[in-house]
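One structure is given here, and the rest of the page talks about it.
Both backbone and side-chain heavy atoms feed into the values below; hydrogens, waters and symmetry mates do not. So you know, we letter chains A, B, ... as the sequences are listed, proteins then strands, and number each from 1.
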Protein chains: 2
Amino acid sequence: MADKIMQIKVAIVDDDEGIRSAISALVRRASGLKLTGEFSDAESALKELPKLMPDLVLMDINLPGMKGYECVRQLKGAQPTMQFLMLTVYEDSDSLFNSLRAGASGYLLKRTASARLLEAIRDVHEGGSPMSPQLARRVVQFFSKPSLESASLAKLTPAEREFLNQLANGYPYKEIADRMHISIDTVRSYVRTVYEKLHVHSRTEAVVKFLRG
Amino acid sequence: MADKIMQIKVAIVDDDEGIRSAISALVRRASGLKLTGEFSDAESALKELPKLMPDLVLMDINLPGMKGYECVRQLKGAQPTMQFLMLTVYEDSDSLFNSLRAGASGYLLKRTASARLLEAIRDVHEGGSPMSPQLARRVVQFFSKPSLESASLAKLTPAEREFLNQLANGYPYKEIADRMHISIDTVRSYVRTVYEKLHVHSRTEAVVKFLRG
DNA sequence: TTGGCTACCGCACAAAGATGCTATGGTGAT
DNA sequence: ATCACCATAGCATCTTTGTGCGGTAGCCAA
């Protein structure tokens, strides 16, 4: 592949004239990047981007009208290969998680240094997901928070934990017994001890506690 | 606060003698960092770290015996303020997610440049979560994947969605009927339509799809 | 107005799950 | 050597679920 001479086609969606021109100048000057479009609102971006087909779109979140991540959701649905790098002043969890769910590949704060931004664009193009450390922390906490809640989960023995995992897969007792090479009555025993330790009285409650932590 | 003159106390847990000495030399030379401990296995780290109380621990994953993230889980439980930065050659999803669940704050590949590592240590100490872009992508995909699956969830009517929500709360049919002011047989009707739309055959499967999608 | 769709309701029955009681062999700590 | 705890197992009984096969009333578009 002639990757080295391929230029990454970049588009920008941001309603702030100043920021847009600053970034477009930055991208224009950078080697290996090619600016192919500038938009000040989600609606026009939604119409034009599928024609321009940039490799990567720098998307602001707080646009007038449609939110940036909603725009990403729709574009991503139609053009799954198009990459999106969110660029925003907001570091609230909702904007972040909505963007990730919409299919954004990275999420940077606008105060990110220019050099870091260019690096991030290349990261995304190479399959990475650059993220400001502050935002990454929120994502990480999303996973680790449960561990505090789950003092009860920690009390489970390895076998019980494995059993719970099978339960969460939806298998009936019989099949869990086969998979774990134990009798169905042993499975029933696990049901008892696990339910008691988790303070639940049904499979659903146990699974929910397990999945949420 | 005299933060500027405070040194970040760093400990290392890695069974590879070469890497350990390389990193310890790097940390020793760096200003603002102070090396307070070196361990070659999880067991000894588990015993000594609570006494040393470093601010941050650089933890290898593939240790002989106990895995690095298991070590983190136990230490984090006892010392929630202690921070952990995973440092590994493995970029598989299991190691990553196990580490995050265990309470790790960051996750870097060992081939990360020295300068970037020092930067990452400071990031963690300041509340960030540095992560190699390759790893960050896996985390990001964790969020975006479901949105495709949940096309089926979108097909549910409001009543069905509410029913599914009740289902996820673990209430038996009878109670769901009361809460929704419908008969138990209508609840059974919803069971049918919802299961069909989600392509599942049990309450547990439905709830899992609902919670993850 | 006829046909199709949705929300609602009913009965019946088989499969799966929840729980009470009991019991054996192993392992590790006191 | 005793105690606690784990993994395993069995049996009985009752409740909850899953599903097949119906039905009525309302609403909307052809």
Side-chain angles (χ1 to χ4, degrees), chain A residues 150-212, chain B residues 42-44 46-47 65-66 70-71 73-74 77-78 150-213:
Chain A
S150 70
S152 44
L153 282 188
K155 296 191 198 308
L156 300 180
T157 67
E160 288 166 347
R161 205 183 303 279
E162 171 58 18
F163 157 73
L164 185 49
N165 187 43
Q166 299 295 328
L167 254 201
N169 284 334
Y171 300 123
Y173 293 172
K174 174 72 180 71
E175 207 159 327
I176 293 177
D178 290 348
R179 285 167 184 271
M180 292 181 70
H181 308 295
I182 54 180
S183 90
I184 192 169
D185 286 300
T186 300
V187 170
R188 289 179 199 279
S189 290
Y190 287 157
V191 171
R192 267 178 274 257
T193 58
V194 168
Y195 283 11
E196 192 177 353
K197 286 181 182 178
L198 299 188
H199 307 297
V200 299
H201 306 280
S202 78
R203 179 178 187 139
T204 303
E205 290 176 89
V207 170
V208 168
K209 278 217 175 186
F210 177 65
L211 291 182
R212 294 226 228 253
Chain B
E43 290 75 9
S44 58
L46 215 46
K47 231 185 318 182
M66 187 185 291
E70 185 51 39
C71 184
R73 186 198 318 284
Q74 296 190 27
S150 71
S152 44
L153 283 187
K155 295 191 201 309
L156 300 181
T157 68
E160 288 166 346
R161 204 183 304 279
E162 171 57 19
F163 157 73
L164 185 50
N165 189 42
Q166 299 295 329
L167 207 57
N169 285 333
Y171 300 122
Y173 292 171
K174 174 73 179 69
E175 206 159 329
I176 294 178
D178 290 347
R179 284 165 184 273
M180 291 181 71
H181 308 295
I182 55 180
S183 92
I184 192 169
D185 286 299
T186 299
V187 169
R188 289 177 195 281
S189 287
Y190 286 157
V191 170
R192 266 180 269 256
T193 59
V194 168
Y195 283 11
E196 192 176 354
K197 287 180 181 179
L198 299 188
H199 308 297
V200 299
H201 308 280
S202 78
R203 179 179 187 138
T204 303
E205 290 178 273
V207 170
V208 169
K209 277 216 176 189
F210 177 64
L211 292 181
R212 296 226 233 249

**OP:** Grab the CD-P distance between A:E160 and D:dC6 for me, whole Å please.
**Re:** 7 Å
Original post:
More 5' along DNA chain C: A:G170 or B:S183, using each one's nearest nucleotide?
Top reply: B:S183
**OP:** Please examine the side chains of A:L198 and A:L164, heavy atoms only from C-beta on, and report whether any two atoms are closer than 4.5 Å.
**Re:** yes
Subject >> Between C:dA16 (P) and A:D178 (CG): distance, integer Å >> reply: 12 Å
**OP:** Can you measure from CD (B:E70) to CG (B:L46) and round to the nearest 0.5 angstrom?
**Re:** 9.0 Å
Original post:
Can you check the A:Y171 OH to D:dT17 P distance for me, whole Å?
Top reply: 22 Å
Original post:
Between the main-chain N or O of A:R161 and the side-chain N or O of A:Y190, is there a donor-acceptor pair closer than 3.5 Å?
Top reply: no
**OP:** Compare all side-chain heavy atoms of B:V191 with those of B:F163 and state whether any distance is below 4.5 angstrom.
**Re:** yes
**OP:** Please step through salt bridge (Lys or Arg N to Asp or Glu O under 4.0 Å) for the pair B:K209 and B:E205, ending with a clear verdict.
**Re:** CA-CA 6 Å; B:K209 277 216 176 189; B:E205 290 178 273; over 6 Å; no
Provide a list of protein-nucleic acid N or O atom pairs under 3.5 angstrom, restricted to nucleotides 18-23 of chain D.
from   : atom 1 : to     : atom 2 : distance (Å)
D:dG18 : OP1    : B:Y195 : OH     : 3.3
D:dG18 : OP1    : B:R203 : N      : 2.6
D:dG18 : OP2    : B:Y173 : OH     : 2.4
D:dG18 : OP2    : B:Y195 : OH     : 2.7
D:dG18 : N7     : B:R188 : NH1    : 3.3
D:dG18 : O6     : B:R188 : NH1    : 3.0
D:dG20 : N7     : B:R192 : NH1    : 2.5
D:dG20 : O6     : B:R192 : NH1    : 3.3
D:dG20 : O6     : B:R192 : NH2    : 3.2
D:dC21 : N4     : B:R192 : NH1    : 3.2
D:dC21 : N4     : B:R192 : NH2    : 3.3

Subject >> Residues in side chain to side chain contact (heavy atoms under 4.5 Å, CB included) contact with B:S183, at least two apart in sequence or another chain >> reply: B:D185, B:T186
**OP:** Indicate whether OP1 or OP2 belonging to D:dG10 is found under 4.0 Å from a side-chain N or O atom of A:T186.
**Re:** no
**OP:** Please report, rounded to the nearest Å, how far the P atom of D:dT17 is from the NZ atom of A:K174.
**Re:** 23 Å
Subject >> Euclidean distance, atom NE2 of residue A:H181 to atom P of D:dA7 [Å, nearest integer] >> reply: 16 Å
Original post:
Is it true that B:R192 and B:E196 have a side-chain N and a carboxylate O under 4.0 angstrom from each other?
Top reply: no
Original post:
B:T157 side chain: which of C:dA7, C:dC11, D:dA9 is closest?
Top reply: C:dA7
**OP:** Starting from C1' on C:dG17, measure out to CD on A:Q166 and report it in whole angstrom.
**Re:** 17 Å
Original post:
In whole angstrom, what separates B:D185's CG from C:dC9's P?
Top reply: 9 Å
Original post:
How close or far is atom P of C:dG10 from atom CD1 of B:I182, stated in whole angstroms?
Top reply: 11 Å
